[in-house]
Amino acid sequence: FITFITEEEKNIYQVFSTYNIIPEDYYINTEFKDDSEFLEFVNTIKARSNYDFGVEVNEHDQILTLSSCTPGGAQRVVLHAKKLVAKN
């Protein structure tokens with residue numbers, strides 16, 4: 001789980017995918033033409049994961065994506081999590 005706190009609210013996210021990948025833009029996509037395209041994206045990033053977290057993600061979920069470089073910058077370390085809770 002990830003806790004993300006801003007001045008306005010506290011958000012809790014549940015990790016559902018983490019992996020290393022060569023630099024690309026697909027995993028940071030934020031615009032989808034419809035729910036079907038979003039779910040295809042979710043299925044792709046879940047399939048990339050090094051672990052099966054057993055977390056269901058649907059078309060209504062909001063996703064947090066974190067990305068960093070491996071030493072030397074040859075790959076990206078990527079983590080995706082779905083929003084569970086927002087509290088003021």
**Message:** As an exercise, state the distance from OG of S67 to CG of L79, rounded to the nearest 0.5 Å.
**Reply:** 10.0 Å

**Request:** Kindly indicate whether the side chain of V42, heavy atoms from C-beta on, has any atom under 4.5 Å from the side chain of I63.
**Result:** yes

**Request:** Say whether, by atom type as modelled, one donor and one acceptor occur between the side chain of T70 and the main chain of Q75 under 3.5 angstrom.
**Result:** yes

**Message:** Tell me whether T18 contacts the main-chain N or O of S49 through its side chain, where contact means a donor paired with an acceptor under 3.5 Å.
**Reply:** no

**Asked** Is any side-chain heavy atom of I21 closer than 4.5 Å to a side-chain heavy atom of Y26?
**Response** no

**Message:** Are H80 and Y27 packed together at the side-chain level, in the sense that at least one heavy-atom pair is separated by less than 4.5 angstrom?
**Reply:** yes

**Asked** Closest heavy-atom contact between N58 and H60?
**Response** OD1-N, 2.7 Å

**Fill in**
side-chain contact (heavy atoms from CB on, under 4.5 Å) with Y13: of D61, I2, L66, only one passes, and it is I2

**Request:** Examine distances only and state if a side-chain atom of K82 and a backbone atom of E56 form a donor-acceptor pair shorter than 3.5 Å.
**Result:** yes

**Prompt:** Would you call S68 and R76 a side-chain contact if the rule is heavy atoms closer than 4.5 Å?
**Reply:** no

**Prompt:** Quick one: are L64 and K83 in side-chain contact, heavy atoms under 4.5 Å?
**Reply:** no

**Message:** Does E40 have more than 12 heavy atoms from other residues, nucleotides or ligands lying within 6.0 Å of its CD?
**Reply:** no

**Message:** Do Y19 and I45 make a side-chain contact, defined as non-hydrogen atoms from C-beta onward lying under 4.5 Å apart?
**Reply:** yes

**Asked** Are side-chain heavy atoms of N11 and E9 found at a separation under 4.5 Å?
**Response** yes

**Request:** Can you label the angle between the F38 ring and the F32 ring as parallel, tilted or perpendicular, going by 30° and 60°?
**Result:** perpendicular

**Message:** Quick check: closest heavy atoms across E31 and E37, and the distance to 0.1 Å?
**Reply:** O-OE1, 4.0 Å

**Message:** Tell me whether the count of non-hydrogen atoms from other residues, nucleotides or ligands lying under 6.0 Å of OH in Y51 goes above 12.
**Reply:** no

**Prompt:** Is there a donor-acceptor pair under 3.5 Å between the side chain of K46 and the backbone N or O of V55?
**Reply:** yes

**Prompt:** Is it true that V15 and I5 fall in one hydrophobic cluster, defined by side-chain heavy atoms closer than 4.5 Å?
**Reply:** no

**Asked** Counting only heavy atoms not in I22, do more than 12 sit closer than 6.0 Å to its CD1 atom?
**Response** no

**Asked** Does F1 reach the side chain of L84, with side-chain heavy atoms less than 4.5 Å apart?
**Response** yes

